[in-house]
Amino acid sequence: MDSDIKTRVTPLDELKLPQKPGQDCLVVIYSSDARELGKRHVLGAQPIQMGRGSDNTIVLENDSVSRRHCRIEKRGRAYFVQDLQSTNGTYVNDELISDYQLRRGDQIKVGDTIFKFLSGSDMEAQYHETIYKMTIVDGLTGVNNKRYLLETMEREIPRARRHERPLTLVMFDIDHFKHINDTYGHLAGDYVLKEMAQLVKNRLRPDDVLGRYGGEEFAVLLPETNTEGGAAIAEELRRMIAEHPFMFEQERIQVTVSMGVAMLQDGWDVLQFIKQADERLYAAKRDGRNKVCF
């Protein structure tokens with residue numbers, strides 16, 4: 001049940017919060033290297049170049065990053081990000097760009113790293129908000145992260161028992177996700193994760209909690225829902241994902257998920273609850289994938 005994704009806890013005094021008035025900067029909000037999370041790159045009059053080569057201002061050691069990938073430069077009072085004819089492209093807010101004027105809050109994706117552009121005005125408040133969101137939100141998909149999911153389960157399990165209300169957990173992951181990465185590339189894999197997460201999030205009820213558990217595995221906590229209700233929701237999500245047109249760079253990617261559903265029973269703690277749903281998830285995979293097991 002242990003996830004391969006490890007969480008790095010950073011003491012607040014290590015964050016080196018900027019003082020107001022601040023400087024325009026980029027903050028790393030998603031990276032495969034946990035040591036990079038929260039790192040600030042201050043912007044100024046001199047251009048900043050990103051790429052895999054050691055001569056870049058920001059070096060990103062990732063196969064999907066070109067040696068000279070993109071440049072950020074100041075023109076007048078504004079900053080622009082310019083793609084340097086990279087192989088896999090530069091994205092701003094999930095849109096492929098060639099030359100783009102940055103606006104407050106824009107997210108720049110270079111390989112598997114996502115930067116957030118923060119303007120110098122009210123920098124401290126922006127930075128606090130960004131760091132807080134990093135503790136509860138998965139930077140790639142925009143849904144809750146594993147930490148938030150587990151903390152919510154710690155609260156909801158006693159509440160369900162106290163009020164004698166059903167509580168159901170759905171665990172699911174993408175079938176043959178490695179094949180998607182190998183066939184279409186890791187940027188396509190990232191797109192699938194984000195698109196699927198938003199698709200599921202938009203279908204769920206306000207009190208339902210969606211979280212990325214790790215890698216391509218997600219979980220949905222369903223308060224006030226029994227096994228049959230959870231299975232019905234899971235089946236609707238499974239069918240919706242299978243029928244959705246996942247389009248990346250004009251190629252359609254067929255995506256399916258396998259799902260396991262478990263309702264809270266007496267004596268289960270958080271880990272036992274997850275274990276039961278996870279076992280049903282793997283039963284769905286053994287039974288041929290693209291299925292719901294409960």
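We use all heavy atoms of the structure for the numbers below, so side chains are in, but hydrogens, waters and symmetry mates are not. We number each residue from 1, following the sequence as shown.
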Should [X] and [Y] count as side-chain neighbours, where that means a heavy-atom distance under 4.5 Å?
X	Y	value
Ile108	Ile72	yes
Phe117	Tyr79	yes
Tyr148	Val137	no
His41	Val28	yes
Thr57	Gln46	no
Thr135	Arg147	yes
Glu249	Leu187	no
Glu156	Leu221	yes

Worked verdict on Val110 versus Asn62 for side chain to side chain contact (heavy atoms under 4.5 Å, CB included): CA-CA 9 Å; Val110 181; Asn62 186 274; over 6 Å; no
Considering only NZ, NE, NH1 and NH2 on the basic side and carboxylate oxygens on the acidic side, decide whether [X] and [Y] come within less than 4.0 Å.
X	Y	value
Lys109	Asp94	no
Asp182	Lys178	yes
Arg155	Glu151	no

Check whether [X] reaches the backbone of [Y] with its side chain - one donor and one acceptor, N or O, closer than 3.5 Å.
X	Y	value
Ser66	Thr87	yes
Arg280	Lys275	no
Asp138	Asn144	no
Tyr282	Gly260	no
Thr113	Ser31	no
Glu95	Val92	no
Thr168	Thr225	yes
Thr152	Leu150	no

Does atom [atom1] of [X] have more than 12 heavy-atom neighbours, drawn from other residues, nucleotides or ligands, at distances under 6.0 Å?
X	atom1	result
Glu61	CD	no
Gln198	CD	yes
Arg67	CZ	no
Asp33	CG	yes
Arg161	CZ	yes
His179	NE2	no

Distance (rounded to the nearest 0.5 Å) between [X] [atom1] and [Y] [atom2]:
X	Y	atom1	atom2	value
Arg75	Gln101	CZ	CD	9.0 Å
Gln276	Trp268	CD	CH2	4.0 Å
Met240	Ile233	CE	CD1	11.0 Å
Asp83	Met50	CG	CE	11.5 Å
Arg52	Arg68	CZ	CZ	13.0 Å
Met171	Glu279	CE	CD	11.5 Å

Trace of the side chain to side chain contact (heavy atoms under 4.5 Å, CB included) decision for Met153 with Ile274: CA-CA 10 Å; Met153 292 179 70; Ile274 292 172; 3.8 Å; yes
In terms of hydrophobic clustering (I, L, V, M, F, W, Y; side-chain heavy atoms under 4.5 Å; direct or indirect links), are [X] and [Y] co-clustered?
X	Y	answer
Leu264	Val270	yes
Leu193	Ile241	yes
Val59	Val27	no
Leu84	Leu60	no
Phe172	Met263	no

Might you point out which heavy atoms bring [X] and [Y] nearest each other, and give the distance in Å?
X	Y	answer
Tyr30	Asp112	CD2-O, 3.3 Å
Ile174	Val255	CG2-CG1, 4.0 Å
Leu210	Ala197	CD2-O, 3.5 Å
Val42	Ile48	O-CD1, 3.5 Å
Ile180	Gln254	CD1-O, 4.4 Å
Leu167	Phe273	O-CZ, 3.5 Å

Candidate list His69, Arg71, Gln49, test side chain to side chain donor-acceptor pair (under 3.5 Å), partner Asn56, passing option: Gln49
Check: Arg238/Asn290 side-chain N/O donor and acceptor closer than 3.5 Å: yes
Any side-chain donor near an acceptor of the partner, Asp106 and Tyr100, under 3.5 Å: yes
Trace of the side chain to side chain contact (heavy atoms under 4.5 Å, CB included) decision for Asp173 with Tyr213: CA-CA 9 Å; Asp173 73 6; Tyr213 191 73; over 6 Å; no
Derivation and outcome, side chain to side chain contact (heavy atoms under 4.5 Å, CB included), residues Asn145 and Arg212: CA-CA 5 Å; Asn145 61 16; Arg212 185 181 181 191; 5.9 Å; no
